[in-house]
*Asks:* 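Once you've had a glance at the structure underneath, I'll fire off some questions.
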Amino acid sequence: MKFAVFASGNGSNLQAIIDAVKAGNIKAELAMVFSDNRKAFALERAKVAGIPTLCLVRKDYATPQSYDRDIVIHLKDAGIDFIVMAGYMKLLTPFFIKEFPNKIINIHPSLLPSFKGMQGIKDAFTYGAKVTGVTVHFVDDKMDHGPIIAQETVKIEEGETLAGLEEKIHKVEHVIYPKAVALFAEGRLKISGRRVDVK
Ligand code: GRF
């Protein structure tokens, strides 16, 4: 099985996945790192690890559909079987999602369905939540919505700073995401409706 990681920024989750592949904990080939952002540090991490990269910029295309169509062509050419979103900041079009049904997973830094959207950590913090966390889920046509693969809680302690909370969340992400990718790669995730069971 070959997979691609999509990342727009720092790529710390990408790094955790690269390390897990190297350690033999994910039994699939990380065959492409895709970014929509030429300055993404994720691209540097991929180059250091010797992984092929592809960067296509949305503003070079007339519509989100034509952009996604081109990305899909590249993915199919590279023989990509499944896709791991790791801080990819563009919404995928329904066309893209239909091309890879139940073959795209995402990580979100809150306990879904709470605090969807771009600022899951900050939103939970400013809301005054006492507990937040991390969710890994399948991607469907609604944002931060598909069937949940894994969740882990993170406490927001008294006097906690936003920066401190971000660090705690990322630490948890770097543990649970490679594990979820490994389960997917081994074909051990069974979806029935909204439920995902690990076989
Ligand atoms: C992570 O917090 C992830 O949950 C969210 O975007 C962030 C990406 O961080 N979807 P990084 O680029 O992997 O460091």
Side-chain angles (χ1 to χ4, degrees), residues 3-23 25-26 30 32-49 51 53-58 82-92 96-97 100 104-127 129 131-156 160-184 196:
F3 71 106
V5 172
F6 278 36
S8 300
N10 177 25
S12 68
N13 281 282
L14 166 67
Q15 190 64 55
I17 291 163
I18 290 172
D19 295 346
V21 171
K22 282 210 175 121
N25 295 332
I26 294 174
L30 175 43
M32 184 195 291
V33 171
F34 175 77
S35 187
D36 61 321
N37 171 16
R38 288 199 185 95
K39 295 192 183 129
F41 188 58
L43 291 171
E44 295 306 315
R45 295 182 191 267
K47 280 172 197 153
V48 169
I51 299 158
T53 59
L54 175 66
C55 182
L56 301 172
V57 178
R58 168 66 184 87
F82 70 96
I83 298 159
V84 173
M85 315 290 285
Y88 182 62
M89 293 315 208
K90 295 262 178 310
L91 269 185
L92 297 173
F96 190 116
I97 294 162
F100 290 93
I104 310 170
I105 65 176
N106 182 44
I107 189 160
H108 183 76
S110 77
L111 291 177
L112 291 175
S114 292
F115 307 114
K116 295 178 181 186
M118 303 283 271
Q119 306 197 86
I121 305 176
K122 192 173 175 205
D123 290 346
F125 183 82
T126 51
Y127 195 81
V131 177
T132 182
V134 174
T135 303
V136 179
H137 64 95
F138 282 100
V139 171
D140 67 7
D141 53 0
K142 298 192 194 82
M143 188 183 63
D144 300 331
H145 175 268
I148 291 172
I149 299 166
Q151 278 187 315
E152 185 90 31
T153 56
V154 173
K155 277 193 174 172
I156 304 177
E160 180 114 49
T161 62
L162 177 58
L165 177 61
E166 283 169 347
E167 206 179 311
K168 274 160 63 177
I169 294 261
H170 293 316
K171 233 173 159 177
V172 170
E173 289 184 328
H174 301 159
V175 175
I176 76 165
Y177 211 12
K179 281 189 185 161
V181 175
L183 290 172
F184 184 95
V196 180

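Order of listing sets the numbers, starting from 1, for every ligand and every atom in it.
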*Asks:* Specify whether Phe6 and Phe34 have parallel, tilted or perpendicular ring planes, treating 30° as the upper limit for parallel and 60° as the lower limit for perpendicular.
*Replies:* tilted
*Asks:* Give the atoms of ligand 1, by number and element, whose distance to some non-hydrogen atom of Asn10 is under 4.0 Å.
*Replies:*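 Atoms satisfying the 4.0 Å criterion: 12 (O), 14 (O).
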*Asks:* Heavy atom to atom 12 (O) of ligand 1, shortest distance: which of Gly11, Gly87, Ala7, Ala42 holds it?
*Replies:*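 Considering heavy atoms of Gly11, Gly87, Ala7, Ala42, the nearest to atom 12 (O) of ligand 1 sits in Gly11.
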*Asks:* Does Ile107 reach ligand 1 with a nitrogen or oxygen that is under 3.5 Å from one of the ligand's nitrogen or oxygen atoms?
*Replies:*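 There is such a contact, yes.
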*Asks:* Heavy-atom distance to atom 14 (O) of ligand 1: which of Ala16, Pro109, Ser12, Ala40 wins?
*Replies:* Ser12
*Asks:* Suppose we measure from atom 9 (O) of ligand 1 to each protein heavy atom; which comes out shortest, and what is that distance?
*Replies:* Asn13 ND2, 3.8 Å
*Asks:* Quick check: does Asn106 get an N/O under 3.5 Å from an N/O on ligand 1?
*Replies:*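 No, there is no polar N/O contact under 3.5 Å.
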*Asks:* Look at the rings of Phe100 and Phe96 and say which category their plane angle falls in: under 30° parallel, 30 to 60° tilted, over 60° perpendicular.
*Replies:* tilted
*Asks:* Return the closest protein heavy atom for atom 3 (C) of ligand 1 as residue, atom name and distance.
*Replies:*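 Result: Glu173 OE2, 3.2 Å.
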*Asks:* Do Ser8 and Asp36 get their side chains close enough for a donor-acceptor pair, meaning under 3.5 Å?
*Replies:*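 Ser8 vs Asp36: donor-acceptor pair found between side chains.
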*Asks:* Counting C-beta onward and ignoring hydrogens, is there a side-chain heavy-atom pair between Val181 and Val21 closer than 4.5 Å?
*Replies:* no
*Asks:* Thr135 side chain to Leu112 main-chain N or O, any donor-acceptor pair under 3.5 Å?
*Replies:*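 Between the backbone of Leu112 and the side chain of Thr135 there is a qualifying donor-acceptor contact (under 3.5 Å).
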*Asks:* What is the distance from atom CG of Leu30 to atom NZ of Lys22, rounded to the nearest 0.5 Å?
*Replies:* 9.5 Å
*Asks:* Would His170 count as a contact residue for ligand 1, given that I'm defining contact as a non-hydrogen atom of the residue lying under 4.0 Å from a ligand atom?
*Replies:* yes
